[in-house]
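Report on the following structure.
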Amino acid sequence: FVMTWLGTIPALILAAVLVPVLALAAALPGCPLDEDAGVDTARLPDAEVVAERVGCRLTDVPEFDGFHSVDCDPLLHPQDLDHGTWETFGVFEFDVETVDVLGGTFYRHYYTSGGPNYDRAVGLTRSDDGAVLQRDSGNPRIKPRAGRAAANLGCTALDPHTGTTHVYLVEDDGSWLHATSPDGLAFDLAAAEPVGGLISSQPAGLSEALSCDAWHDGDGISMLVGGVFGDGGYAIGETRANDGTNFAPVDAPVLAAAVNSPWQGAGVGFPSRAEVDGREYLFHVGCKGWD
C-alpha cells in the first residue's frame, strides 16, 4: 500500500478505520498526475502501535526503505466462530463506513464473500473500535439478483445528512449497479439502476472499471475508480455523479504507477480514500504483474 495526498478531491470523512489499518506500510513516492499530490509520511500513526492493536507482527524489508513485511491475525476469516456457510470460500472486497450516532461512533464493514450458496454475496459487520468485527445476523445483506451468480461489492458511500447508504455492485457479467438503503441494512436490488458513464471514449481513458471507493460530497457522489486505461495499463481515475448513478467519463488517471518502480511496475488499483485533520489520503495497491 502507498499513501498520497489528493489535494483536489472534495473533503468528507470516509472510513476512518482504514487509516490505522492500512497505514501499517509507509509510503514511497509514486508518479501522480495530480501536481498537488504528495507523500506525507510524517503524519502517519506509529506502525508498531497500530500493528500490536490489530494483531500484526512487522518485519523491516531491507531492500525497500520504510516498508514492512506484515504477518497478521485476520480481522475477518471464513472460519470464524460466527461465520455463515454462505462465506466459507473466502472473504474478498470490502469497504468501511463511519457512522456517528448520538455523539458516538461505530463502523459498518461491508464485504464480499462466497460459498456453496452464492458465488459472491455481500455481508455486513459492525465494529466499535475498527479492530473487532461482529457479523450481522441478517447476512448476507445483499444477494445476487435473480438469474445472476454474483453480487460483488465495488464500494459504498454514506450520506451523513440523510443516513442513506449507497452501494456499487459488480455483477458476474462485469456490469455495475447502484443501489441504496435508508438504514445501511436493507438494499432493494429490484430498484437498483445500472451505473453509466464511467467508460471513456478517449484514447488514454478508462476502458474497464475494476474497483472503486466512493463518498458523498455534499451534492452527489464522488468516486475514485481503479481499472484499465488506454493501452492496457492499470491506474486510478476520478469522477462524480449528481444522482449517484450517471457518472462523468473517466478520461484520464489521477494516479499512475511510478516510473521504474520495483513494486508497482504493472500499475496501481483498488483505491481507498480517507480524510485526516483536513487532508485527504489515498491508499492503493501496486503490483509487479497482473493476470
Side-chain angles (χ1 to χ4, degrees), residues 9 12 14-15 17-18 22 76 87 90-98 107-114 118-125 139-145 148-159 164-181 184-185 187-189 191-200 206-217 220-229 234-241 243-250 253-255 267-274 282-285 290:
I9 299 179
L12 180 69
L14 174 69
V17 68
L18 290 179
L22 296 184
L76 193 68
E87 56 184 316
V91 178
F92 308 102
E93 288 78 6
F94 69 93
D95 204 352
V96 181
E97 296 297 339
T98 305
Y107 307 100
R108 290 194 187 115
H109 174 279
Y110 298 89
Y111 64 100
T112 300
S113 198
Y118 316 100
D119 286 351
R120 293 288 190 274
V122 179
L124 171 65
T125 73
N139 281 344
R141 279 294 174 178
I142 302 176
K143 303 174 183 178
R145 292 193 299 169
R148 301 284 188 175
N152 195 67
L153 181 68
C155 54
T156 61
L158 173 65
D159 183 342
T164 299
T165 299
H166 300 256
V167 65
Y168 295 90
L169 303 168
V170 184
E171 297 197 303
D172 48 330
D173 63 356
S175 60
W176 284 49
L177 286 179
H178 170 226
T180 61
S181 169
L185 302 176
F187 293 87
D188 183 8
L189 291 194
E193 299 179 295
V195 174
L198 292 174
I199 303 304
S200 171
L206 181 71
S207 59
E208 184 180 2
L210 300 174
S211 58
C212 63
D213 194 14
W215 65 98
H216 195 273
D217 60 21
I221 300 293
S222 290
M223 181 183 287
L224 291 169
V225 183
V228 182
F229 284 76
Y234 291 85
I236 295 171
E238 181 187 354
T239 183
R240 77 177 305 278
D243 59 1
T245 299
N246 297 292
F247 288 86
V250 185
V254 295
L255 186 72
V268 294
F270 297 95
S272 182
R273 169 195 174 273
L282 168 63
F283 299 86
H284 65 274
V285 173
W290 301 84

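In this structure, Ser272 OG and His284 NE2 are separated by 11.5 Å, a value rounded to the nearest 0.5 Å. Taking OH of Tyr118 as the start and CD of Glu87 as the end, the distance is 12.0 Å to the nearest 0.5 Å. Here the OH-OG1 distance, from Tyr110 to Thr156, works out to 6.5 Å after rounding to the nearest 0.5 Å. The line from NE2 of His166 to OG1 of Thr180 is 6.5 Å long, rounded to the nearest 0.5 Å. The CG atom of Leu153 lies 15.0 Å from the CZ atom of Arg141; values are rounded to the nearest 0.5 Å. Leu169 contributes atom CG, which lies 5.0 Å from atom CD1 of Ile142 (distance to the nearest 0.5 angstrom).
Looking at Asp159, its side chain never comes within 3.5 Å of a backbone N or O of His216 through a donor-acceptor pair. Listed for the Thr239 side chain is a donor-acceptor partner under 3.5 Å among the backbone atoms of Ala248.
Contact between Ser222 and Asp217 at its shortest, heavy atoms only, is OG-OD2, 2.7 Å. The shortest heavy-atom contact between Leu124 and Tyr111 is N-CE2, 3.6 Å. Of all non-hydrogen atoms in Pro249 and Ile199, the two that sit nearest each other are CB-O, 3.9 Å. Smallest separation of non-hydrogen atoms from Tyr234 and Leu210: CE2-CD1, 3.6 Å. Nearest heavy atom pair, residue Met223 against residue Trp176, reads SD-CZ3, 4.4 Å. Considering all non-hydrogen atoms of both residues, Ile221 and Ala157 come closest at CD1-CB, 4.0 Å.
Under the rule for a salt bridge (Lys or Arg N to Asp or Glu O under 4.0 Å), the partners of Asp173 that lie at least two apart in sequence or sit in another chain are Arg148.
With Pro271 as the fixed residue, the side-chain contact (heavy atoms from CB on, under 4.5 Å) test singles out one of Ser211, Cys155, Cys212: Ser211. For the side-chain contact (heavy atoms from CB on, under 4.5 Å) with Glu193, the qualifying choice from Asp243, Asn246, Thr245 is Thr245, the only one to do so. Each of Val122, Val170, Thr112 was evaluated against Glu93; a single residue qualifies, Thr112, per the side-chain contact (heavy atoms from CB on, under 4.5 Å) test.
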>> Working note: Thr165 + Phe187, criterion side-chain contact (heavy atoms from CB on, under 4.5 Å); need CA distance, chi angles, decisive distance, verdict.
In response: CA-CA 9 Å; Thr165 299; Phe187 293 87; 4.0 Å; yes

>> Please evaluate residues Asp119 and Asp172 with respect to the criterion side-chain contact (heavy atoms from CB on, under 4.5 Å), reporting the C-alpha separation (whole Å), side-chain torsions for both, the decisive distance (0.1 Å), and the verdict.
In response: CA-CA 9 Å; Asp119 286 351; Asp172 48 330; over 6 Å; no

> Between Thr98 and Leu158, does a side-chain contact (heavy atoms from CB on, under 4.5 Å) hold up when you go through it step by step?
Replying inline: CA-CA 8 Å; Thr98 305; Leu158 173 65; over 6 Å; no

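Using a 4.5 Å cut-off on side-chain heavy atoms (C-beta onward), Val91 and Ser113 make contact.
When ring centroids are compared, Tyr168 and His178 come within the 6.0 Å threshold.
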